Every structure is written in C-alpha cells, then in structure tokens.
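The sequence lines fix the lettering, A, B, ..., with proteins before strands; numbering per chain opens at 1. Here the structure is a predicted model, which means the values were calculated and not measured.
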Protein chains: 2
Amino acid sequence: MKHITTKLNKLFDSHTRLGIMSLLMVHEWVEFKVLKENLGLSDGNLASHMKKLEASEFIEVRKEFVGRKPQTTYAATALGRKAFNDHLDALEDLLKQRKK
Amino acid sequence: MKHITTKLNKLFDSHTRLGIMSLLMVHEWVEFKVLKENLGLSDGNLASHMKKLEASEFIEVRKEFVGRKPQTTYAATALGRKAFNDHLDALEDLLKQRKK
DNA sequence: AATGTAACTTTGTTTTGCAAAGTGCTTTTA
DNA sequence: TAAAAGCACTTTGCAAAACAAAGTTACATT
C-alpha cells in the first residue's frame, strides 16, 4: 500500500527549492540576484540551496562577466526538468483527490 | 515581488505530513496503525509528526478501546482543513504555470 | 509466565535551514 | 588613490527537524 507522497522528490519538499525550480522552469536563465530578490533569501542561504540542486545535476551554472561585473546565472537541466515535472505530477495526483 | 511559494504553509513542506493530511481529508477518522502502514513510517516517527499537527490544532485525537485494545484515531479539524486547502490552493497556482 | 499488540516516549544521531560574518574580486565614488 | 560598494560566495555556528532504535505502559492472548 504505497501512498502518493512516496512519489514526491525529497529535494523538492523545501518550499524554497520549489520556488527556485518553478522560476527556472519559466525562465531559461535566471540571475543569482533575481532569485534572491524574488524569494527573499540571504546570499548564503540561496547559495547553499543552489549547491544542493547542482549536486543532483538538476541545475546548470553559468558564470560570466557583464561589463566587468561577475554575474552568475542558473538554468534547469533536462534531468532537473524531468524530476521537477515528476514531482508536480505527484502533487497533481494529490490535488485530484479533493475534487471528487 | 512575492513569489507563490511564500503562500505555502511550512508545516506542509514535509511530504510525510502532506501524506498524513491528504489521508485525513479523504477519510474522517483514521487509525494510527493505518497511517503508519500507508506511509511506511516507524511508530516514533509518526507519533512526532502527529504531535506537530496536533500542536497547531490541525488534527483531533480520539483514544478509545475497541474490545479491550487501545485504539487511537485522528481526524482533521476545520482549522486543519482550511490550512491544508489553502496550501493546496497555492500548489495549484504553482501547477498552473506549466500548462501555458 | 511468556509473548504479542498498540501507541507511545526517550534517546541519540544525522541532516536542515538559515542568519551573520568573512572573503576575493572588481567597480564606482569621494 | 583610498575608501566604499556590489556580486557571489564560503565559513561558522546554532537551533530545529527527521528519523531510527530502544524502552515503556497497559492490556490480551497462548
């Protein structure tokens, strides 16, 4: 007897990482600063969440200079998109229960 | 600029409590043992999650004897149902983004 | 008397989450 | 040109959370 929630990805339990991923699903490349401001996170906090997502190869990092300032941008990988979509599928199943 | 995820309830970040609540939304009264088996949790683990939900008055506990055996059952309170539905509403908003 | 079942509580370890401060590099401002 | 500021971290440190494992209480069965 396996419950729906066993199909949820633990990495996406965190509402912070849920927010990060949902932004990366909508916009191809997103700046560190933009993520930080949208989600209201401290630098360190955001950096550590990104590291976790990177460790699972769910996101890709690009570091470049714009003008002469460093700029870090992130994008979801195919693997990340798949994992996140699977997670959302499971959430959708959960939501279906309350309709009927 | 507030992101959708700020509307999520932190208590329901945990996929375990998400599972517990979704079971309590569907069935009025659910036994400790049933929750435990459905979600694949240890006694202690489940008990501590239930305590957290109880502390927020999201669930109600009923202890009785069936035959002469003790039996604990749980139900979601009106407050709990409201909070959970609000959480699910926020998740639904999140899911809407990927349709378009 | 010994074993079993239900529902915990306690203990302890590991993992998170997050804030605060510090770092390295570069650019802007006084 | 020295100081301040911006970007993206890393490090430190702490408090809360997750969870397993073992112990507890109370009754029931064998």
*Asks:* What nucleotide, of dC8(C), dC9(D), dA18(D), holds the atom closest to the side chain of Ala47(A)?
*Replies:*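 The nucleotide sitting nearest to the side chain is dC9(D).
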*Asks:* Considering only side-chain heavy atoms of Lys52(B), which listed nucleotide, dG17(C), dA17(D), dA7(C), is closest?
*Replies:*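 Selected nucleotide (nearest to the side chain): dA17(D).
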*Asks:* Does a side-chain N or O from Arg17(B) land closer than 4.0 Å to OP1 or OP2 of dA18(D), or not?
*Replies:*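 Answer is yes, contact under 4.0 Å.
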*Asks:* How long is the straight-line distance from NE2 of His49(A) back to CD of Glu54(A), given to the nearest 0.5 Å?
*Replies:*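 Nearest 0.5 Å value for the CD-NE2 distance: 14.5 Å.
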*Asks:* Just compare dT10(D), dC9(D), dC7(D) and give me whichever is closest to any side-chain atom of Lys33(A).
*Replies:*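 Of the candidates, dC7(D) comes closest.
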*Asks:* CG of Leu41(B) versus P of dA17(D): gap in Å, rounded?
*Replies:*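 In whole Å, dA17(D) P lies 17 Å from Leu41(B) CG.
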*Asks:* Reckon Tyr74(A) has a side-chain N or O less than 4.0 Å from the OP1 or OP2 of dC9(D)?
*Replies:* yes
*Asks:* Looking at Ser42(A), does any N or O in its side chain come under 4.0 Å of the phosphate oxygens OP1/OP2 on dC18(C)?
*Replies:* no
*Asks:* Atom CZ of Arg62(A) to atom C1' of dC9(D): distance rounded to whole Å?
*Replies:* 19 Å
*Asks:* Salt bridge check, Arg62(A) against Glu31(A): does any charged N sit closer than 4.0 Å to a carboxylate O?
*Replies:*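 Not counted as a salt bridge, because no side-chain N and carboxylate O are separated by less than 4.0 Å.
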*Asks:* What class does the angle between the rings of Tyr74(A) and Phe32(A) fall in, given that below 30° is parallel, 30 to 60° is tilted and above 60° is perpendicular?
*Replies:* tilted
*Asks:* Would you indicate which nucleotide in dG17(C), dA8(D), dA7(C) comes nearest to any side-chain atom of Lys63(B)?
*Replies:*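 Nearest listed nucleotide: dA7(C).
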*Asks:* Leu35(A) CG to dC7(D) C1': how many Å, rounded?
*Replies:* 14 Å
*Asks:* Atom CG of Leu11(B) and atom C1' of dA17(D): how far apart are they, to the nearest Å?
*Replies:*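 In whole Å, dA17(D) C1' lies 12 Å from Leu11(B) CG.
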*Asks:* Measure from NZ on Lys10(B) to P on dA16(D) and round the result to the nearest Å.
*Replies:*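 Whole-Å distance recorded here is 12 Å.
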*Asks:* For His49(A) and dC18(C), is the shortest distance between a side-chain N/O and OP1 or OP2 below 4.0 Å?
*Replies:* yes
*Asks:* Closer than 4.0 angstrom, basic N to acidic O: yes or no for Asp43(A) and Lys36(A)?
*Replies:*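 Yes, this pair counts.
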*Asks:* Out of dG17(C), dA7(C), dC9(D), which has the shortest distance to the side chain of Asn45(A)?
*Replies:* dG17(C)
*Asks:* Using whole Å, report how far CG of Asp13(A) lies from P of dA18(D).
*Replies:*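 After rounding, the gap between these two atoms is 9 Å.
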*Asks:* By nearest heavy atom, map Thr16(A) and Asp43(A) onto DNA chain C; which one lands nearer the 5' end?
*Replies:*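 Here Thr16(A) is the residue nearer the 5' end.
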*Asks:* Tell me the interatomic distance from Leu53(A), atom CG, to dT16(C), atom P, rounded to whole angstroms.
*Replies:*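 Leu53(A) atom CG is separated from dT16(C) atom P by 12 Å.
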*Asks:* For the OG1 atom of Thr73(A) and the NZ atom of Lys63(A), what is their distance to the nearest 0.5 Å?
*Replies:* 9.5 Å
*Asks:* Using only side-chain N and O atoms of Lys36(B), determine if any of them is under 4.0 Å from OP1 or OP2 of dC19(D).
*Replies:* no
*Asks:* Round to the nearest Å and state the distance from Met50(B) atom CE to dA18(D) atom C1'.
*Replies:* 16 Å
*Asks:* Strictly below 4.0 Å: does Thr72(A) bring a side-chain N or O up to OP1 or OP2 of dC7(D)?
*Replies:*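 Result: no.
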